[in-house]
Amino acid sequence: MTVTLADVAARAQVSPATVSRVLNGNYPVAASTRERVLKAVDELDYVLNGPASALAAATSDLVGILVNDIADPFFGIMAGAVQSEIGGPGGRAGGERLAVVCNTGGSPERELTYLTLLQRQRAAAVVLTGGAMEDAGHQAAVAAKLRKLTEAGTRVVLCGRPPAPGTGAIALTFDNRGGGRELTEHLIGLGHRRLGYIAGPEERTTTRHRLEGHRAALAAHGIEEDARWTVHGPYDRQSGYEATLELLRRDPSLTAVVAANDTVALGACAALRDSGLRIPRDVSVAGFDDLPFSIDAVPALTTVRLPLAEAGARAGRIAMGRQEAPIGGIATVRGELMVRGSSGAPRA
């Protein structure tokens, strides 16, 4: 049943006019009253009516793009590619649509808040990029938000994110397991048997899938993993630096370091150099994603190339209805191993 302004007013024990003032922000309202109204809005999941033009068209000219960290090239490349595809016929302002990039900072609460705000604004489309949180409660809450969006006519596309069954969202999911396995198999093929692994945050699906691929490669070649060989941390350079020093402290005999992504790998390379070790003569290094800087590292970084721009552009076209969704609503986007100077055979 549709929740009305009167329902919110009744829950907050104020007049409908007061609710309207709080939501429109066009009249002073006591802070305590405002908090009571907003709490009622959240509890009832009330959707604010947008501008009259949005009401007439069911959805607005707004497109939301959710990213974990816009300063991270992984997300910036995808967001830029999505935005490049959202113009053209269909919008009421010269055929263009307004892209709003929502930077969650990795916060589950911010992710849900942005989805709620986009729902209230009757967004034409929403694209969520990158991995999802592993928490079951949060996943259920996100699924409920996505379902409400699609039921209201909003196109939802998950780009580089696992599928969300039963929500109506289209998923372009990255083959992180396959890429992780191929990367480690490359190093094993060179002769490495003692491989340190710098994983991302434990609560992210991307972290788990890439680590599972790495472990599958070890198992396939009969290499028993030592618990000391894996360290978790954020997807940033400092994490890579500190984790590499920790891995060397735990096991100085490691001959290779596999990083969760290219940014982490840069930190690993710096730590190895500062420790007096040469890459790849003493220790090989590998990353993931093939971000633009990886080829300019010294030596150039062995990595798995994910087609971030291509996937983002495809997500944008699907979101705008200019490209058909994949069969079954799910497509797997595979990476490509890029062998460069940072990996080599271990010293005898």
Side-chain angles (χ1 to χ4, degrees), residues 1-5 7-8 11-12 19 22-23 25 34-50 54 59-60 62-72 74-76 78-79 82 98-173 200-208 234-235 315 319 329:
M1 187 171 72
T2 302
V3 177
T4 67
L5 192 80
D7 295 327
V8 175
R11 173 67 67 93
V19 175
V22 170
L23 296 180
R34 181 177 183 276
E35 288 303 313
R36 202 159 68 247
V37 169
L38 293 178
K39 182 180 179 182
V41 167
D42 286 338
E43 289 175 348
L44 296 174
D45 203 14
Y46 174 66
V47 178
L48 173 67
N49 285 342
T59 58
S60 68
L62 182 69
V63 175
I65 306 170
L66 271 66
V67 301
N68 185 60
D69 181 6
I70 193 61
D72 184 336
F74 177 89
F75 294 99
M78 283 192 288
V82 172
L98 175 64
V100 176
V101 177
C102 306
N103 195 78
T104 69
S107 165
E109 294 77 15
R110 294 304 301 167
E111 183 172 63
L112 291 172
T113 297
Y114 283 131
L115 290 174
T116 298
L117 292 173
L118 291 166
Q119 180 190 358
R120 291 176 184 170
Q121 293 298 318
R122 300 177 181 271
V126 175
V127 179
L128 295 86
T129 63
M133 297 290 294
E134 292 277 26
D135 181 76
H138 179 68
Q139 288 181 347
V142 169
K145 293 290 184 185
L146 299 184
R147 195 176 302 112
K148 285 182 178 292
L149 284 163
T150 57
E151 288 174 352
T154 298
R155 290 192 182 95
V156 178
V157 183
L158 311 177
C159 185
R161 195 178 180 108
T167 65
I170 304 303
L172 305 179
T173 183
E202 293 186 75
E203 68 274 9
R204 309 298 298 191
T205 55
T206 300
T207 298
R208 176 168 59 85
Y235 286 116

Begin with the C-alpha distance, continue with both residues' side-chain angles, and end with the deciding distance and a verdict on side-chain contact (heavy atoms from CB on, under 4.5 Å) for Val156 and Leu128. CA-CA 8 Å; Val156 178; Leu128 295 86; 3.9 Å; yes
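- Atom CD of residue Gln119 and atom CD of residue Glu151 lie 9.5 Å apart, to the nearest 0.5 angstrom.
- Side chain of Glu111 to main chain of Gly106: no donor-acceptor pair is present (N/O by atom type, distance under 3.5 Å, no hydrogens or angles).
- Not one N or O on the side chain of Arg11 forms a donor-acceptor pair closer than 3.5 Å with the backbone of Ala40.
- Closest approach of Pro201 to Pro234, counting heavy atoms only: CG-CA, 4.1 Å.
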Let's go through Asp72 and Ile70 carefully: what are the C-alpha distance in whole Å and the side-chain angles of both, what is the deciding distance for side-chain contact (heavy atoms from CB on, under 4.5 Å) to 0.1 Å, and is it a yes or a no? CA-CA 5 Å; Asp72 184 336; Ile70 193 61; over 6 Å; no
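- Considering only heavy atoms from C-beta on, Met133 stays 4.5 Å or farther from Gln139 through its side chain.
- With rounding to the nearest 0.5 angstrom, the CZ atom of Phe74 is 6.0 Å from the OG1 atom of Thr206.
- Counting heavy atoms of neighbouring residues, nucleotides and ligands inside a 6.0 Å radius, atom CD of Glu43 exceeds 12 of them.
- In this structure, Thr150 contributes its side chain and Thr167 its backbone to a donor-acceptor pair below 3.5 Å.
- Summarising the geometry, atom OG1 belonging to Thr113 is positioned 8.0 Å from atom NZ belonging to Lys145; distances are rounded to the nearest 0.5 Å.
- Counting heavy atoms from C-beta on, the side chains of Val67 and Val101 come closer than 4.5 Å.
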Is there a side-chain contact (heavy atoms from CB on, under 4.5 Å) between Leu66 and Leu118? Walk through the geometry before answering. CA-CA 10 Å; Leu66 271 66; Leu118 291 166; 3.7 Å; yes
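- Thr154 contributes a side-chain N or O that, together with a main-chain N or O of Ala123, makes up a donor-acceptor pair within less than 3.5 Å.
- Here the side chain of Asp69 pairs no donor or acceptor atom with the backbone of Gly105 at under 3.5 angstrom.
- Residues Tyr114 and Thr104 are in side-chain contact: their nearest non-hydrogen atoms beyond the backbone lie under 4.5 Å apart.
- Between Leu172 and Ala315, the shortest heavy-atom distance links the atoms CD1-N, 3.7 Å.
- Looking at every heavy atom in both residues, Tyr46 comes nearest to Thr4 through CE1-C, 3.7 Å.
- Counting only residues at least two apart or in different chains, side chain to side chain donor-acceptor pair (under 3.5 Å) contacts with residues 124-135 comprise Glu134-Arg208.
- From Leu115, atom CG reaches atom CZ of Arg110 across 11.0 Å, with rounding to the nearest 0.5 Å.
- Here the CG atom belonging to Leu112 is positioned 8.5 Å from the OG atom belonging to Ser107, to the nearest 0.5 angstrom.
- Taking the side chain as every heavy atom from C-beta outward, Val126 and Ile65 never approach each other to under 4.5 Å.
- Tyr235 places a side-chain N or O within 3.5 Å of a backbone atom of Thr207 that can act as its donor or acceptor partner.
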Step by step, work out the side-chain contact (heavy atoms from CB on, under 4.5 Å) result for Leu117 and Arg120. CA-CA 5 Å; Leu117 292 173; Arg120 291 176 184 170; 4.2 Å; yes
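- Not one N or O on the side chain of Arg34 forms a donor-acceptor pair closer than 3.5 Å with the backbone of Val22.
- Heavy-atom minimum distance, Met78 versus Cys159: SD-SG, 3.7 Å.
- To the nearest 0.5 Å, atom CG of residue Asp42 and atom OG1 of residue Thr116 are 6.5 Å apart.
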